[in-house]
> 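Encoded as structure tokens, here's the structure I'll be asking about.
Numbering starts at 1 and runs along the sequence shown.
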Amino acid sequence: MDLVQQFNALIWSWSETLSALRRRVALAPLLVYAGAQLVVLAALAFFAYPPFASTVAPLIRWRLGEAALHYPTCFLALRASFGQADVVLSVLLGAAATAAAVWLFASYYTGGDAKAGEGWREAFRRYVPVVIAVIVTTVLAQLVSRAPTAFWGHYADARPMRFRLLRMAAIAAVLAIQGLFIYVIPYIMLARRRIGGALGGSMALALRNPVTTYLIVAVPTVLELLPAWLARNGTTIAYRFAPEGLTLVLVVWVIVILYATFFTLGAATRFFLYATQNEGSVSWAAHPGQLEKGGE
């Protein structure tokens, strides 16, 4: 596609996603995942109370040290502990929720009426390749996002502006990685590709349509700016207001991520169906909700 066609496809994909939001299609799996995130957050925030005292507290001590168990440091460390727990949760449950949402989006976009249970069943049938895809993306994104601190952390105090620029470059690189692999789960769920073919197909499709793909991934992250800013200024919030307020910040973050993920997956799935059908690599079978393999 040329540049104008990519922009047109992007706007159309977003409008279709908004239509899906009005019907609340594909939201159910993401709500399950967000609910699990809130349960984990509650366990970390109330680690001193039963039944978490005997299970969660030792994990926090192991990962963050004894100081993370004492007030107010326990709230200052909440973002770090929640982030580490969420990485595990995103692999174990988030992968299946994402796959189920992609399946439900595809059913909706092609005139089907699949229920949430059908989406979960299809997701767990392909759970292993989906989890592998999520692990690959997560590991690459984590490596890139941590590079500024790992290699150039000494710039944080000596050259703060350079360090900020490096962090911004790392964020842009993480978005690029997410864009390269944004179609992996659609390829696995809808085109029946194996993991290798799905990874290769996603990168090829993203590189053929870089503008649409990058904006599909990047624009919803704007929703994350406020909770991200609040989280980065957690120490100020803790000492000017109350440390407990940091828990509310993370609750807001979970809700924002829920809708950012919805818009990203919805637009990516809509564009994937449009682009691959135009190329003849994926086509719908006779019955809505069922996809047949195209050429690999």
> Distance from Ser54 atom OG to Phe47 atom CZ, nearest 0.5 Å?
13.0 Å

> Would you say the side chain of Pro210 lies within less than 4.5 Å of the side chain of Gln6, judging by non-hydrogen atoms?
yes

> Looking only at heavy atoms, what is the nearest atom pair of Val102 and Met189, with distance?
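Minimum heavy-atom separation between Val102 and Met189: CG1-CB, 4.4 Å.
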
> Nearest 0.5 Å please: distance from the OG1 atom of Thr261 over to the CG atom of Leu223.
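The distance works out to 10.0 Å.
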
> Any side-chain heavy atom of Val139 sitting closer than 4.5 Å to one from Leu143?
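Heavy-atom side-chain distance check passes, below 4.5 Å.
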
> In Å and rounded to the nearest 0.5 Å, what is the CG to CG distance from Leu76 to Leu64?
11.5 Å

> Would you mind reporting whether Tyr109 and Thr17 have side-chain heavy atoms less than 4.5 Å apart?
yes

> Do Tyr187 and Phe272 have side-chain heavy atoms sitting under 4.5 Å apart?
yes

> Where do Gln37 and Phe82 come nearest, in terms of heavy atoms and distance?
O-CE1, 3.5 Å

> Could you tell me if the side chain of Tyr108 sits less than 4.5 Å from the side chain of Leu104, heavy atoms only?
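No; the side chains remain at least 4.5 Å from each other.
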
> Is it true that atom CZ of Arg24 has more than 12 heavy atoms of other residues, nucleotides or ligands lying nearer than 6.0 Å?
no

> In Å and rounded to the nearest 0.5 Å, what is the CD to CD1 distance from Glu66 to Ile60?
11.0 Å

> Is Leu78 close to Leu250 at the side-chain level, that is, under 4.5 Å between some pair of heavy atoms?
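Yes - at least one pair of side-chain heavy atoms lies under 4.5 Å apart.
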
> Main chain of Val134, side chain of Thr137: is a donor-acceptor contact present, judged purely on distance under 3.5 Å?
no

> Considering the options Thr276, Thr213, Thr269, which one meets the side chain to side chain donor-acceptor pair (under 3.5 Å) requirement together with Tyr183?
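That would be Thr213; it is the only one of Thr276, Thr213, Thr269 passing the side chain to side chain donor-acceptor pair (under 3.5 Å) with Tyr183.
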
> Is it true that a side-chain atom of Ser202 and a backbone atom of Ala198 form a donor plus acceptor pair closer than 3.5 Å?
no

> Could you tell me if the side chain of Leu27 sits less than 4.5 Å from the side chain of Leu258, heavy atoms only?
yes

> Looking only at non-hydrogen atoms, find the nearest pair between Ala28 and Ala116 and report the distance.
CB-CB, 3.9 Å

> Nearest 0.5 Å, what's the OG1-CG distance between Thr264 and Leu215?
11.5 Å

> Could you measure the distance from the CZ atom of Arg270 to the CD1 atom of Ile216? Nearest 0.5 Å is fine.
11.0 Å

> If you count heavy atoms of other groups shown closer than 6.0 angstrom to OH of Tyr259, is the number above 12?
no

> Would you please test Tyr33 and Asp86 for side-chain hydrogen bond (donor to acceptor under 3.5 Å, both in side chains) and show each step?
CA-CA 10 Å; Tyr33 178 58; Asp86 192 45; 2.9 Å; yes

> Check ring pair (Phe, Tyr, Trp, His ring centres under 6.0 Å) between Phe262 and all other residues, then give those that pass, not counting sequence neighbours.
Phe105

> Going by heavy atoms in the side chains, are Asp113 and Arg23 under 4.5 Å from each other?
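SC-SC contact between Asp113 and Arg23 confirmed.
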
> A quick test of your reading: do over 12 heavy atoms of other residues, nucleotides or ligands sit less than 6.0 Å from OH of Tyr127?
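Count over threshold, so yes.
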
> What about the rings of Phe271 and Trp12, do their centers lie closer together than 6.0 Å?
no

> For Glu122, is there an ion pair with Arg125 - N to carboxylate O distance below 4.0 angstrom?
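A salt bridge links Arg125 with Glu122.
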
